[in-house]
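So you know, we letter chains A, B, ... as the sequences are listed, proteins then strands, and number each from 1.
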Amino acid sequence: MDGGLSPIAATRLGRGASVSLVDLEKRFEGVGAVRGISLEIASGEFLTLLGPSGSGKTTTLMMIAGFETPSGGDIAIDRASVVGVPPHRRNIGMVFQNYALFPHLTVAENIAFPLKQRGVDRGTRAVRVKEALALVRLPGYEARYPRQLSGGQQQRVALARAIVFQPRLLLMDEPLGALDKQLRESLQLEMRRLHADLGITFVYVTHDQEEALTMSDRIAVVNEGRIAQLGAPEALYDRPCDRFVASFLGESNFLTGTVRGMETGVVVAECAGAVLRGVAPQALAAGAAVTLSTRPERMRFADALPAAPGNRLRATVTEAVFAGERCRYLLRAEDGTMLVVKEPSSATTRRRAVGEVAELAWPVADTVVV
Amino acid sequence: MRNRPPLLLLTSLVLLFLALPIVLIAAVSFSSAAYLTFPPPAFGLRWYRAYLGSADWLASTWLSIGVAAATVALATSLGTLAALALGRLPRAARTAAAALILSPLIVPGIVVAIGIYYAFSRWGLIGSPVGLVLAHTCLAVPFVVTSVGASLANFDRRLEQAARSLGATPWGAFRQVTLPLIRPGVLVGALFAFITSFDELIVALFLSGSGAVTLPRRMWDDLRFAIDPTIAAVATLTIAFTALLLGGAHLLRQRALR
Ligand SMILES: Nc1ncnc2c1ncn2[C@@H]1O[C@H](COP(=O)(O)OP(=O)(O)O)[C@@H](O)[C@H]1O
Ligand SMILES: [Mg+2]
């Protein structure tokens, strides 16, 4: 749908709300679920809270929505603190984990619900419901009951209901969690489109890293109630700040060793019997222990490259799996460290045999200290 | 399958045992005899006419219906609110509060009745419909709390949160989302509240005095002083009425399960 045609889409002129979380904390009976989250979410941004189950994502969202009271810190929407404002006066759209559609109301009545609360008259309600259904590509479903819809359709209705009253902020808690992979992927794209159409701020919660990488402007990786790292998807993927982020967001090879010295922004270290270099955010003292991290698809077999500057490491192939678009190898370095290498498949690349000793090569820029 | 015939026999015996008194009373109520005899010499509507012609019986009937209706209103609202509140309490407090609310089910009726009698006699509530309504409400609230509680157990609290996030006030969310979804439990609770009050004798023995004689109380007095088949007619009508209510409750439950 053309975003310019719909009055709902026209709210983009009003833009999204900005959200700031300041040292936000929540304790349940003394146990910290959220332990000091600070985050500035810009107007119109698509921000994802990504983290494993139990990391405090839902609790954070519930505090923004007003269903949980923070134990400490502050939440401001458009610069005004909302702590103490009841949920129904926050004007925030919310899509719940299981959609939370009202089972006794039709699709139209579900979507009209927020309009009714705001005193919108019946005629206008019907028009807006129709628009909202068109926006989520579910036209003509007004008279159905939620139980007559598939999971994906219920999800769209929940989305329509959450945006029909033109909130400037939309919160979503694992909205695609219950759907199968294919449906999830198509809805991810629709969610992006909707975000672009509406221009409002999205705060999205998921534990699915691929989902986070696909949709977000920025991702806040949450672990044990704190933000482990915040940044654009590429930045997080290429420059994970610690081992947790490196392994939770995508797959990583870790090489541990000792620092030999520094060269402008790059650490030189002895790892797994080789001298390796990696991007270091700050200077490290010689002799200190260090872990370098590299993505499996950034490593290559040296003999397949015309010139391979950067890091080199000898390792023995212990497992070779052909997985269609790529070959996945498991290798053991001389010190026993296990490494994964993903090589794009082509008819001309030579398959490596188990037991073969190979030299791996990869750019220093793709190596980071974690 | 081998067990089927004995099971069938046993079930029939139990049902017969349960139904026999009712059948006997119904049969006697249609008797044409001037006193209680079985089997009746002939059938007629004589005792139904006697009931409808008696100002005392009719006054007691209307009083019982009125007291039961007021009890329904009071017990259903209080019980529903109590069930909602229980769901929000922390576990330990919930157990304690539930035990207190349900205690009229456990404490013997006569003990409750004596307690209520002592309290109410001091407040001048003996022989007053108000006293009966208050006492019956105590007895009926546990039924409402239990049936509404069962409905709430299947109610997803997130629906209420969804309503709030969409702009509903706490009361608006309750009225538009929670109440419609727990309505079957509320209605079943209301029916049980009605029957509890309408059928109640023990408390009525203490509280009716001479000014507020309920139907069960009048039946009791009648049995003690003058046995005539009118009581059989009243009993049959009461049973039919209660059965209708229970049938209604059953239909509601079916609809809730659908
Ligand atoms: N109402 C609650 N009472 C007690 N503990 C809670 C409550 N809600 C969440 N928690 C705890 O807080 C932590 C974070 O939960 P949650 O925010 O739901 O995590 P996530 O959504 O990231 O999976 C978990 O350890 C969870 O058990
Ligand atoms: Mg969660």
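Contact detail for Phe96(A) and Ser165(B): the closest heavy-atom pair is CE1-OG, 4.0 Å. The two residues Arg118(A) and Leu166(B) make their nearest non-hydrogen contact at NH1-O, 2.7 Å. Closest heavy-atom contact between Arg158(B) and Ala100(A): O-CB, 4.0 Å. Among all heavy-atom pairs drawn from Gln117(A) and Gly167(B), the shortest one is CB-O, 3.6 Å.
If you measure heavy-atom distances from Leu159(B) to chain A, the contacts under 4.5 Å come from both the backbone and the side chain. With a 4.5 angstrom heavy-atom cutoff, Arg161(A) touches chain B via backbone and side-chain atoms both. For a residue to count as touching a neighbouring chain, one of its non-hydrogen atoms must lie under 4.5 Å from one of that chain's; by this rule Leu171(A) does not touch chain B.
Remark: Glu68(A) CD to Gln161(B) CD distance equals 7.5 Å, nearest 0.5 Å.
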### Pair Phe102(A)-Leu181(B), side-chain contact (heavy atoms from CB on, under 4.5 Å): steps then yes or no
CA-CA 9 Å; Phe102(A) 306 130; Leu181(B) 290 171; 5.8 Å; no
### Message
Would His104(A) and Arg183(B) count as a side-chain contact (heavy atoms from CB on, under 4.5 Å) here? Give the steps.
### Response
CA-CA 11 Å; His104(A) 60 301; Arg183(B) 181 166 288 147; over 6 Å; no
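Residue with the most contacts toward chain B among Met62(A), Arg89(A), Arg90(A), His88(A): His88(A) (heavy-atom pairs, distance under 4.5 Å). For the set Ile92(A), Leu115(A), Asn98(A), Val95(A), the entry with the most heavy-atom pairs within less than 4.5 Å of chain B is Asn98(A).
With a 4.5 Å cut-off on side-chain heavy atoms, Leu105(A) and Val177(B) do not count as touching.
Taking 4.5 Å as the heavy-atom cut-off, the residues of residues 168-176 of chain B that approach chain A are Ala168(B), Thr169(B), Pro170(B), Gln176(B), ordered by number.
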Kindly list each side-chain donor-acceptor pair under 3.5 angstrom involving residues 45-52 of chain A, sequence neighbours excluded, with atom names and distances?
residue, atom, partner, partner atom, Å
Glu45(A), OE1, Ala42(A), N, 2.8
Glu45(A), OE1, Arg218(A), NH2, 3.1
Glu45(A), OE2, Arg218(A), NE, 2.4
Glu45(A), OE2, Arg218(A), NH2, 3.3
Thr48(A), OG1, Ser216(A), OG, 2.5

